[in-house]
Amino acid sequence: MKVLVVGGGGREHAIIKKIKQNPSVEKIYALSGNGGIASDAECVNIGAKDIDGIVDFALNNAVDYAIVAPDDPLVLGAVDALEGKGIPCFGPRANAAIIEGSKAFAKNLMKKYGIPTAGYEVFDNLDDALAYVKGAPVPIVIKADGLALGKGVIIAQTKEEAVAAVKSMMMDKVFGKSGDYVVIEEFMTGPEVSVLAFTDGKTIVPMVSSMDHKRALDGDKGLNTGGMGTVAPNPYYTEGIAKICMERIFEPTVRAMNAEGRTFKGCLYFGLMITQGGPKVVEYNCRFGDPETQVVLPLLKTDLLDVMRAVTEERLSDIKVEFEDKHACCVIMASEGYPSHYDKGFAIKYPEELKDKIFFAGAAEKDGALVTNGGRVLGVTEIADTLKGAIDAAYADVKKIEFGNAYYRRDIGKKALLATEVK
Ligand code: AMP
Ligand code: GLY
């Protein structure tokens with residue numbers, strides 16, 4: 001089988017390493033991949049948003065199956081376009097990817113179907129939005145409607161900050177058209193949990209839970225990033241919470257999408273907050289999370305490609321999806337300065353023994369050597385019987401990996417460890 005994977009970050013590297021284990025896979029193309037992925041797949045320089053380029057490549061190279069991993073191509077209709085040419089895919093069609101593509105859509109869906117989430121209002125008019133935030137309690141959360149590289153969310157601590165956030169999105173258009181509509185919502189508190197789930201629109205199978213660390217600095221300080229590290233499972237996601245989520249959030253979301261004529265097939269990501277009033281949805285993503293995937297997939301025992309194809313063919317209920325009863329920790333090594341300004345082009349060195357544990361993101365090949373080429377450069381994942389064992393092993397690996405201006409958080413998994421000890 002020839003498999004094409006759209007995307008080029010750590011998440012895609014984790015997917016590729018996993019599908020490589022399927023004996024029927026003879027060739028994997030990554031569009032566009034990266035210099036680090038190149039040792040596991042043939043990287044082709046076609047961007048994830050170049051839908052026509054992706055489809056042409058798939059047809060010209062007799063691709064049998066395509067996995068569309070990032071949000072942009074999913075929202076732009078990459079799956080619709082590939083399926084239209086007869087190529088089976090993993091990932092939702094555009095009409096279902098809107099669950100991530102428009103926060104206003106997602107919030108209205110939850111309201112209509114009684115799925116727990118923060119209270120909110122949607123605005124398309126600057127004056128109304130400003131009047132609303134002036135009268136609402138702080139902290140308050142202001143979100144640009146569309147995709148904004150995970151940066152379109154501002155938690156305003158004061159009314160002045162709230163007014164500035166609304167103006168920056170709706171007047172100055174700092175997130176472009178994503179700011180045409182703005183969602184203003186109630187501030188929630190509680191531990192956050194990420195749950196990725198396979199669904200074929202009939203059955204939903206949650207994967208092992210995980211915890212992301214989104215802020216750049218230790219102690220959850222600094223700017224929001226794409227994610228600085230993850231652990232799985234998430235100790236706050238108890239069996240009791242899982243049951244409530246299944247009944248009140250996961251299954252109702254699948255049914256709601258069906259009722260709207262927008263059947264979701266692929267990986268549905270639930271960003272949850274465990275509040276005093278029970279678990280609530282912070283956000284939906286229409287795809288695998290990054291870097292959640294880098295801890296979740298290494299724990300998956302069942303063949304990933306078999307599960308994906310079952311999703312595509314709507315026979316997920318026939319498959320038993322199993323995870324190791326172990327713990328995983330992924331530490332992201334980034335370029336100093338990320339997510340703001342950073343330099344790149346530094347040689348990356350790592351011992352051969354770590355090859356299967358590293359997922360490359362911002363890495364490029366230059367004159368036969370691997371160099372840094374982005375903010376998040378790589379993630380290194382370890383699995384162990386205990387959470388502490390996984391954390392210690394991941395940090396031991398980090399010490400063996402070298403590149404110029406390397407930066408990483410020192411406290412990935414610390415909060416999870418404390419939560420485990422308290423219990
Ligand atoms: P999002 O991109 O929607 O996941 O938001 C990014 C982060 O902002 C989340 O992971 C939360 O930590 C935080 N956040 C978003 N919405 C809320 C909310 N209503 N209350 C508290 N924190 C929030
Ligand atoms: N780690 C959060 C995301 O993938 O959006």
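Ligands are counted one by one from 1 in listed order, and the atoms in each one are counted from 1 as well.
- Here salt bridge (Lys or Arg N to Asp or Glu O under 4.0 Å) pairs that include residues 255-270, with residues two or more places apart or in two chains, are K112-E260, K265-E314.
- No donor-acceptor contact under 3.5 angstrom links the side chains of Y407 and S335, judged on distance only.
- Ligand-side atoms of ligand 1 in range of E185: 16 (N), 17 (C), 18 (C), 19 (N), range being under 4.0 angstrom from any heavy atom.
- Interface of M273 with ligand 1, defined as ligand atoms under 4.0 Å from a residue heavy atom, comprises 21 (C), 22 (N).
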Just do the salt bridge (charged side-chain N to carboxylate O under 4.0 Å, His left out) check on R11 and E292 with the steps written out, would you? CA-CA 8 Å; R11 164 185 54 204; E292 285 90 340; over 6 Å; no
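- K143 forms no cation-pi arrangement with F175, by the criterion of a distance under 6.0 Å to the ring centre and an angle within 45° of the ring axis.
- In this structure, F288 has no heavy atom closer than 4.0 Å to ligand 2.
- With a 4.0 Å heavy-atom cut-off, ligand 1 is reached by the side chain of I155 but not by its N, CA, C or O.
- In this structure, of E292, K214, H213, R287, the residue bringing a heavy atom nearest to atom 5 (O) of ligand 2 is R287.
- Per-residue contacts place K143 under 4.0 angstrom from the following atoms of ligand 1 (heavy atoms of the residue considered): 3 (O), 15 (C), 16 (N).
- Among all non-hydrogen protein atoms, the one lying nearest atom 2 (C) of ligand 2 is Y269 OH, 3.5 Å.
- Side chains of T312 and Y65: a donor on one and an acceptor on the other come within 3.5 Å.
- Distances from atom 20 (N) of ligand 1 to the heavy atoms of E283, M188, E192 put M188 nearest.
- Of the residues listed (V371, L378, N373), the one engaging I348 in a side chain to side chain contact (heavy atoms under 4.5 Å, CB included) is L378, and it is the only one.
- Taking the six-membered ring for Trp, F105 and Y181 have ring centres at least 6.0 Å apart.
- Judged by the shortest distance from any of its heavy atoms, G226 lies inside the 4.0 Å radius around the atoms of ligand 2.
- Under a 4.0 Å N-O distance rule, the pair K173/D180 qualifies as a salt bridge.
- Proximity annotation for atom 5 (O) of ligand 1: of V141, I154, V153, T117, V153 comes nearest, heavy atoms only.
- The option with the heavy atom closest to atom 7 (C) of ligand 1, from among D220, N224, D212, is N224.
- Less than 4.0 angstrom separates some heavy atom of K214 from each of these atoms of ligand 1: 4 (O), 10 (O).
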